[in-house]
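The chains referred to below are lettered A, B, ... by the order of the sequence lines, with proteins before strands, and numbering in each begins at 1.
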There are 2 protein chains.
Amino acid sequence: LVVVDNLHKTYSMGDVDVHALQGVSFSVERGEFLSIMGASGSGKSTLMNIIGCLDVPTGGRYFLDGRDVSRLKADQLADIRKYTIGFVFQGFNLLPRMSALENVELPMVYNGFSSTERKERAMEALKVVGLEDRALHQPHQLSGGQQQRVAIARALANQAPLILADEPTGNLDTHTSEEVMNLFCMLNREKGRTIIMVTHEPDLARYGRRVVTFRDGLLIHDEKVMSG
Amino acid sequence: LVVVDNLHKTYSMGDVDVHALQGVSFSVERGEFLSIMGASGSGKSTLMNIIGCLDVPTGGRYFLDGRDVSRLKADQLADIRKYTIGFVFQGFNLLPRMSALENVELPMVYNGFSSTERKERAMEALKVVGLEDRALHQPHQLSGGQQQRVAIARALANQAPLILADEPTGNLDTHTSEEVMNLFCMLNREKGRTIIMVTHEPDLARYGRRVVTFRDGLLIHDEKVMSG
Ligand SMILES: Nc1ncnc2c1ncn2[C@@H]1O[C@H](COP(=O)(O)OP(=O)(O)OP(=O)(O)O)[C@@H](O)[C@H]1O
Ligand SMILES: Nc1ncnc2c1ncn2[C@@H]1O[C@H](COP(=O)(O)OP(=O)(O)OP(=O)(O)O)[C@@H](O)[C@H]1O
Ligand SMILES: [Mg+2]
Ligand SMILES: [Mg+2]
């Protein structure tokens with residue numbers, strides 16, 4: 001489903017270049033559950049933004065479902081972001097003037113769901129993350145972990161086959177983090193959704209079936225998780 | 001240094017009331033290192049905002065250094081926030097149009113440091129958190145963990161006697177998190193700074209000497225950490 005080939009990403013800051021990705025290659029099959037780990041600043045979010053069609057590499061290629069993403073036009077990329085990918089952002093990226101419910105409904109607006117269906121699926125997703133009684137709160141009226149859970153609910157509610165979760169549990173207590181991991185496992189095993197998740201916690205990384213590790217913009221390790 | 005007495009905080013949302021704090025009482029001595037744990041939404045950030053003089057309780061009282069904070073005027077509260085308290089926010093709260101260096105210098109502008117001293121202390125703080133080569137980046141040019149470390153550096157650089165850290169390691173890998181904890185220990189033991197830290201991770205909570213636990217707006221547990 002996802003193939004990255006020798007990806008490079010360099011940011012130019014005047015006379016200094018920051019090499020965020022220095023030649024990353026790997027592939028992810030449909031139905032996989034992959035965890036990505038690595039030190040702060042090692043390039044994980046940069047990679048996720050490229051896979052999520054939110055950013056373009058400086059070099060190398062990215063194929064999504066066999067199509068070379070760098071060859072696609074802006075409206076085709078927008079379609080991919082709307083229909084194919086559900087993104088849980090590291091900074092949540094909720095719209096501040098909308099309620100939790102409206103934030104969760106937003107991706108479904110594009111997907112042809114009726115207004116009734118959107119509201120039902122959004123309330124269901126909020127219930128799954130334990131926030132049905134916060135549906136009408138705006139982001140500033142929610143705790144940090146609650147905002148993170150709304151971002152997770154938003155990625156769940158539309159039916160995107162690929163879920164990209166960038167540090168989905170950084171603001172959650174241990175118990176809630178495990179619930180989120182079990183939820184991802186269920187989506188992966190029962191609903192066949194492909195999941196790529198960035199996490200800093202080795203225990204949570206092992207809910208997936210494969211763990212890759214980044215350092216300084218390069219993949220340095222790739223191992224299958226022995227299910228135990 | 002910090003005494004809270006039967007603190008209540010209620011948010012009114014039309015016909016529904018959210019009781020974020022339901023009668024919280026405890027005290028923190030000068031020189032203590034206290035960790036606060038509890039589930040997402042249990043009231044930790046709400047308490048931190050009151051202790052940090054950023055919010056007012058609906059009921060109960062808060063004494064800082066013996067003074068009833070609810071009796072103070074706006075400019076006295078502003079002075080406390082500038083000189084007495086260093087705050088690491090859960091959402092980092094960096095100013096987007098300023099560089100990392102300028103963000104770290106900002107609290108020192110009020111404290112009578114000369115422009116040369118501010119720059120030196122800010123670069124030193126950035127070096128301590130491993131970001132001296134990111135000094136000129138703006139927040140959007142930094143990774144999530146790097147933004148969090150800039151927020152930590154900002155609380156370090158000015159010499160506030162009370163440090164309030166709301167989830168300072170949520171976006172940091174294990175190794176960097178431990179470095180931050182060791183840094184807090186050093187500030188506490190060698191420089192005598194009082195530290196109140198919210199964390200979700202039991203291992204990190206034990207770097208402090210006392211752990212209190214919240215549930216549903218109430219303190220349910222308070223234990224000394226046996227140093228080991
Ligand atoms: N401005 C507000 N209006 C209404 N409710 C609010 C507001 N701010 C916070 N709340 C509610 O108060 C409760 C406590 O929030 P708080 O941010 O203190 O939780 P927390 O313990 O810091 O959680 P987390 O671990 O997720 O950061 C939450 O249930 C939240 O929905
Ligand atoms: N717009 C930008 N301009 C310049 N440098 C950038 C920009 N965005 C990111 N960087 C740099 O690229 C590197 C990789 O950033 P990235 O956000 O991918 O890290 P990360 O692995 O997600 O880290 P974290 O675990 O802290 O979230 C960092 O060193 C960062 O400073
Ligand atoms: Mg990141
Ligand atoms: Mg909080």
For this session: Would you mind checking which part of A:Gln141 comes under 4.5 Å of any heavy atom in chain B, side chain (CB onward), backbone (N, CA, C, O), both or neither?
Result: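 Side chain of A:Gln141 only, per the 4.5 Å heavy-atom cut-off to chain B.
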
Problem set entry | Gap between atom CE of A:Met197 and atom OG1 of A:Thr169 - 0.5 Å precision |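 Result: 7.0 Å between the selected atoms.
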
Is a side-chain N or O of [X] found less than 3.5 angstrom from the main chain of [Y], in a donor-acceptor match?
X	Y	result
B:Asn182	B:Glu178	yes
A:Lys9	A:Gln22	no
B:Arg154	B:Gly86	no
B:Asn103	B:Leu95	yes

Exercise. What option among A:His200, A:His175, A:Glu201 has the most heavy-atom pairs under 4.5 Å with chain B?
Worked result: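 If we count pairs closer than 4.5 Å to chain B, A:His200 comes out on top.
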
Exercise. When only pairs under 4.5 Å are counted, which of A:Leu136, A:Thr176, A:Val18 shares the most heavy-atom pairs with chain B?
Worked result: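 Of the candidates given, the most pairs with chain B belong to A:Val18.
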
Could you tell me which of [options] has the largest number of non-hydrogen atom pairs under 4.5 Å with chain A?
options	answer
B:His137, B:Gln146, B:Gln147	B:His137
B:Gly43, B:Ala39, B:Pro202, B:Ser45	B:Ala39
B:Ser40, B:Ser177, B:Gly144, B:Gly145	B:Ser40

